[in-house]
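Not measured: the values here are computed from a predicted model.
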Amino acid sequence: MAVFIREAHAEDRDTLGALKLRSSLAWGDHVEELQALPDAREVPVAHLQYAIVAELEGEIVGFTTVLSGKRAMQAELEDLFVAPEVWRMGVGRKLLTEAEGRAIALGARTLRVVASERARPFYEASGYRFARTIATDFSPAVELHKDLR
């Protein structure tokens, strides 16, 4: 399985939004709330320049977005979504590695992510450490950090 990583393009926006929603709904949690939330199916235009796309056989199967953080030397992993049919096939890990490289290129020494409890083991297996529990619109989430240097 050869996963191709590339920059996101403006024409990817609708596909990325649909993937974001499909991936979010796959767990079966908060279905009605997610379907009613426009942000759950949208990637902001301003974020496209920071998005990285994973393709498999010419189809987009995942993406991640890395933004400069609110604190100096910290970047934010804003999005990491993978098509459910390719979960546990290394796509997320490859995107995460690319995101960490992007964060380093931004000058960050730490990458921060807010994730669901379901995603926590994925990040912890990649060296992220628990920072705190935070409130989100639907349920508590975890904030995790990884030192990049």
Side-chain angles (χ1 to χ4, degrees), residues 1 3-71 74-108 110-124 126 128 130-146 148:
M1 177 178 87
V3 176
F4 177 67
I5 302 293
R6 66 168 175 80
E7 305 286 327
H9 304 132
E11 60 269 16
D12 297 327
R13 186 166 178 244
D14 289 342
T15 301
L16 299 180
L19 173 62
K20 180 178 179 179
L21 181 61
R22 190 162 51 95
S23 178
S24 297
L25 293 173
W27 290 109
D29 299 332
H30 314 292
V31 171
E32 290 177 8
E33 295 94 334
L34 286 166
Q35 288 175 331
L37 183 67
D39 288 349
R41 74 183 87 252
E42 184 176 288
V43 175
V45 172
H47 288 189
L48 282 176
Q49 65 183 323
Y50 306 107
I52 308 162
V53 170
E55 289 185 343
L56 182 61
E57 298 177 0
E59 297 294 322
I60 295 174
V61 294
F63 77 98
T64 187
T65 307
V66 179
L67 305 173
S68 294
K70 294 175 184 166
R71 297 180 180 157
Q74 186 178 70
E76 304 283 332
L77 184 65
E78 179 67 20
D79 297 307
L80 197 160
F81 293 97
V82 175
E85 63 272 16
V86 296
W87 283 357
R88 300 195 175 278
M89 296 176 73
V91 175
R93 184 96 47 231
K94 190 162 187 164
L95 282 167
L96 188 57
T97 299
E98 291 288 331
E100 291 168 359
R102 285 288 177 91
I104 290 168
L106 289 171
T110 304
L111 186 56
R112 173 187 178 269
V113 62
V114 174
S116 70
E117 275 292 341
R118 290 185 190 267
R120 183 176 178 173
F122 167 77
Y123 290 107
E124 288 179 335
S126 297
Y128 288 74
F130 174 80
R132 64 187 176 124
T133 301
I134 63 170
T136 67
D137 291 339
F138 303 127
S139 62
V142 291
E143 179 180 324
L144 301 119
H145 297 175
K146 182 175 183 178
L148 301 173

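- Closest heavy-atom contact between Val43 and Arg13: O-NE, 2.6 Å.
- Within a 6.0 Å sphere centred on CD of Glu11, other residues, nucleotides and ligands contribute more than 12 heavy atoms.
- Ser68 contributes no side-chain N or O that, together with a main-chain N or O of Ala75, makes up a donor-acceptor pair within less than 3.5 Å.
- The list of ring pair (Phe, Tyr, Trp, His ring centres under 6.0 Å) pairs with a residue in residues 10-44, not counting sequence neighbours, reads Trp27-Trp87, His30-Phe138.
- Taking 4.5 Å as the limit, some side-chain heavy atom of Leu16 sits within range of a side-chain heavy atom of Leu48.
- With sequence neighbours left out, Arg22 forms a side-chain hydrogen bond (donor to acceptor under 3.5 Å, both in side chains) with Glu85.
- Inter-residue side-chain proximity for Asp29 and Arg118 is flagged as met; some heavy-atom pair is nearer than 4.5 Å.
- Atom-to-atom distance recorded for Lys146:NZ and Leu111:CG is 8.5 Å, nearest 0.5 angstrom.
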Practice task
Take Leu77 and Tyr123 through the test side-chain contact (heavy atoms from CB on, under 4.5 Å) and record every step on the way to the result.
Solution key: CA-CA 11 Å; Leu77 184 65; Tyr123 290 107; 3.7 Å; yes
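- If you take CE on Met89 and NZ on Lys94, they are separated by 13.0 Å, rounding to the nearest 0.5 Å.
- Expressed to the nearest 0.5 Å, how far CG of Leu144 lies from CD of Glu124 amounts to 6.0 Å.
- In terms of the side-chain hydrogen bond (donor to acceptor under 3.5 Å, both in side chains) criterion, residue partners of Arg102 (sequence neighbours excluded) are, by chain and number, Glu7.
- Residues Val66 and Leu106 have side chains in contact (heavy-atom distance under 4.5 Å, counting atoms from C-beta outward).
- Side-chain atoms of Lys20 come within 3.5 Å of backbone atoms of Asp39 as a donor-acceptor pair (strictly under, hydrogens ignored).
- Side-chain atoms of Thr65 do not come within 3.5 Å of backbone N or O of Tyr50 as any donor-acceptor pair.
- With rounding to the nearest 0.5 angstrom, the NE2 atom of His9 is 13.0 Å from the CD atom of Gln49.
- Ile60 has its side chain within reach of Arg6: a pair of non-hydrogen atoms, C-beta onward, lies under 4.5 Å apart.
- Between Phe122 and Leu96 the shortest side-chain heavy-atom distance falls below 4.5 Å.
- Residues Leu95 and Val3 fail the side-chain proximity criterion, which asks for heavy atoms closer than 4.5 Å.
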Problem - Derivation of the side-chain contact (heavy atoms from CB on, under 4.5 Å) call for Leu25 and Gln35 - result: CA-CA 8 Å; Leu25 293 173; Gln35 288 175 331; 4.1 Å; yes
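- Between Leu34 and Ser24, the shortest heavy-atom distance links the atoms CD1-O, 3.8 Å.
- Across all non-hydrogen atoms, the minimal contact from Val82 to Ser23 is O-OG, 3.1 Å.
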Practice task
Go through Leu80 and Val113 one step at a time and tell me if the side-chain contact (heavy atoms from CB on, under 4.5 Å) criterion holds.
Solution key: CA-CA 9 Å; Leu80 197 160; Val113 62; over 6 Å; no
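- The minimum heavy-atom distance linking His145 with Thr110 is given by the pair CB-CG2, 3.9 Å.
- When every heavy atom of Leu19 is checked against every heavy atom of Val61, the shortest pair comes out as CD2-C, 3.8 Å.
- From Phe63, atom CZ reaches atom CD of Glu98 across 15.5 Å, with rounding to the nearest 0.5 Å.
- By the 4.5 Å heavy-atom criterion applied to side chains, Tyr128 and Val142 are not counted as neighbours.
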